[in-house]
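Proteins get letters first, then strands, A, B, ... in listed order; numbering begins at 1 in each. All values reported here derive from a predicted model rather than from experimental measurement.
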Number of protein chains: 2
Amino acid sequence: MKTDDAGPLRSGPLRPRERIIKTARELFRRHGMRGVGVDAIAEQAGTNKMTLYRHFGSKDDLIIACLRDVAAENEQIWTDLETANPGDPLAQVHAWLRVGAECAVGDDRGCDMANAAIELAEHDHPARHVIEEFKKAHRNRLAQLCRDAGIAKADLLADSLWLLLEGARVSNQSVGAAGPSAHFIAIGEAMIAAFAQETPAKPKARARAAVVA
Amino acid sequence: MKTDDAGPLRSGPLRPRERIIKTARELFRRHGMRGVGVDAIAEQAGTNKMTLYRHFGSKDDLIIACLRDVAAENEQIWTDLETANPGDPLAQVHAWLRVGAECAVGDDRGCDMANAAIELAEHDHPARHVIEEFKKAHRNRLAQLCRDAGIAKADLLADSLWLLLEGARVSNQSVGAAGPSAHFIAIGEAMIAAFAQETPAKPKARARAAVVA
DNA sequence: ACTGGCTGTTACCGGTCTGTAACATTGCGC
DNA sequence: GCGCAATGTTACAGACCGGTAACAGCCAGT
């Protein structure tokens, strides 16, 4: 009851390495990567700085490990999207929108990856590769989904939805979740409707793409 | 030729206060607010730390002054929008899109305000008021423009374009300007077309709103 | 020429940060 | 029970940071 309280995660079922990553992600998220020191991370993780430095050679290495952890966690979202709507790419696009809304509305600290890209301004920071690859992969997966769904301007729709999500998550940090990002789903559905048909002049849309209310 | 070279701005026509703000904005932009010290700012501005602290009581004060400077600079954009298309709100909306594209494509460090909101993670940071007011004002002005243009779902369009711009500017910092933000104008025009008409089912759009190619 | 305000210079304080060294301790596999 | 690897503890180095004090010079307005 003295050291193993609910706050910091002391020696639980997780090994120090996992606890450090988990704690670092939370503290980075709350205070920014440059706003928290390795000492605070180690202490909050129920360990000490030496152990931290034995697992991660430097703070940058820890940052990279955290970002990789974020990326691994996001893999689950895509598999969930597939298993929830097997063989139905269009439904998966709509489901993606709903998942994105949860990310955009239920959280006021945005995307860890995007935040890291802003905070680690140096162009040659080693973490930038991780960020770029992650973001590109996310966008490309979304584009593939749109193509599989038979959407006319699939890549343009993917870019639109992608920018919408990026914008919503960063917007939350300036004007809050009650701002424009509150209409995330409505806007996304409108985008899907707009890009699903061949051209705005020709209303000869495919039947399977006219699901939007 | 020894001290007044092209690099740092030494005693030019600007007073120390202006030079400090100008220099701080540039350095903040390049390295992040937490990534540059007041000493470096003062030196690069051709002055010293004491003068800096005589004008700005603290680094936070300097940050706020910089953000106010950004806000003041952006005022010009709106007046330019009005003078370039006097009495034509719809044209101003399209012009806004083009100006936004320049912001989004011609720059890889995003919006100073949004970046500050991310970097200054503390919810009670004094600069947050400036950021929030600025962003809300920008969005509201855009919404007023859309309403004046007679666009059906004016507020929804404003939110869409707003999120699109926010997304494009933050996206540049992870995947670069050649990524999704390259299609900023195309997406924006599609959104204008989509929200200009009353409902997607009723193609009875107003004539003045059907300017999009 | 004088004066008063603005600016420059130097030195310093206390704190915090990343990263390391040396040593003590725990705990698990055998 | 032993040994070895992982972990904890303490102390420290070196750098940087925000912020202040005391004093020296400059320059415009009168």
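- Place A/Val38 and B/Pro16 on DNA chain C by their nearest nucleotides, and B/Pro16 ends up nearer the 5' end.
- Atom C1' of nucleotide D/dG8 and atom CZ of A/Arg17 are separated by 19 Å, given to the nearest angstrom.
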Could you walk me through whether A/Asn74 and A/His138 pass the side-chain hydrogen bond (donor to acceptor under 3.5 Å, both in side chains) test, one step at a time? CA-CA 9 Å; A/Asn74 272 63; A/His138 185 172; 5.4 Å; no
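- When the shell of 6.0 Å around CZ of A/Arg68 is examined, it contains 12 or fewer heavy atoms from other residues, nucleotides or ligands.
- Taking all atoms of both residues into account, the shortest heavy-atom contact from A/Phe184 to A/Ala101 is CE2-N, 3.3 Å.
- Residue A/Lys59 places its side chain closer to C/dT18 than to any other of D/dG18, C/dT7, C/dT18.
- Between the CG atom of A/Asp39 and the C1' atom of D/dC12 there is a distance of 13 Å, given to the nearest Å.
- For B/Thr51 and C/dT7, the shortest distance from a side-chain N or O to OP1 or OP2 is not below 4.0 Å.
- Between B/Thr47 and C/dG8, a side-chain N or O to OP1/OP2 separation shorter than 4.0 Å is present.
- If you measure from atom CG of A/Asp61 to atom P of C/dT18, you get 14 Å, rounded to the nearest angstrom.
- Panel note: side chain B/Asn85, backbone B/Asp88; no donor-acceptor pair is recorded below 3.5 Å.
- The separation between B/Asn48 atom CG and D/dG25 atom C1' is 12 Å, rounded to whole Å.
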Going 5' to 3' along nucleotides 20-30 of chain C, which nucleotides have protein heavy atoms under 4.0 Å from the base (write B), which only from the sugar-phosphate (write S), and which from neither (write -)? BBB--------
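- Within the 4.0 Å cut-off from OP1 or OP2 of C/dC6, not a single side-chain nitrogen or oxygen of B/His55 is found.
- Proximity of a side-chain donor or acceptor of B/Arg29 to a complementary backbone N or O of B/Gly110 within less than 3.5 Å is detected.
- When atom types are taken as modelled, the side chain of A/Arg128 and the backbone of A/Leu120 share a donor-acceptor pair closer than 3.5 angstrom.
- Taking atom CZ of A/Arg34 as the reference point, atom P of C/dT18 lies 11 Å away to the nearest angstrom.
- Rounded to whole Å, the distance from CD1 on B/Ile20 to C1' on D/dG19 is 15 Å.
- As a whole-Å value, the separation of A/Leu52 CG from D/dT9 C1' is 15 Å.
- Between B/Pro16 and B/Arg54, the closest side-chain pair of non-hydrogen atoms is not below 4.5 Å.
- A/Glu43 has its CD atom 14 Å from the C1' atom of D/dG8, to the nearest Å.
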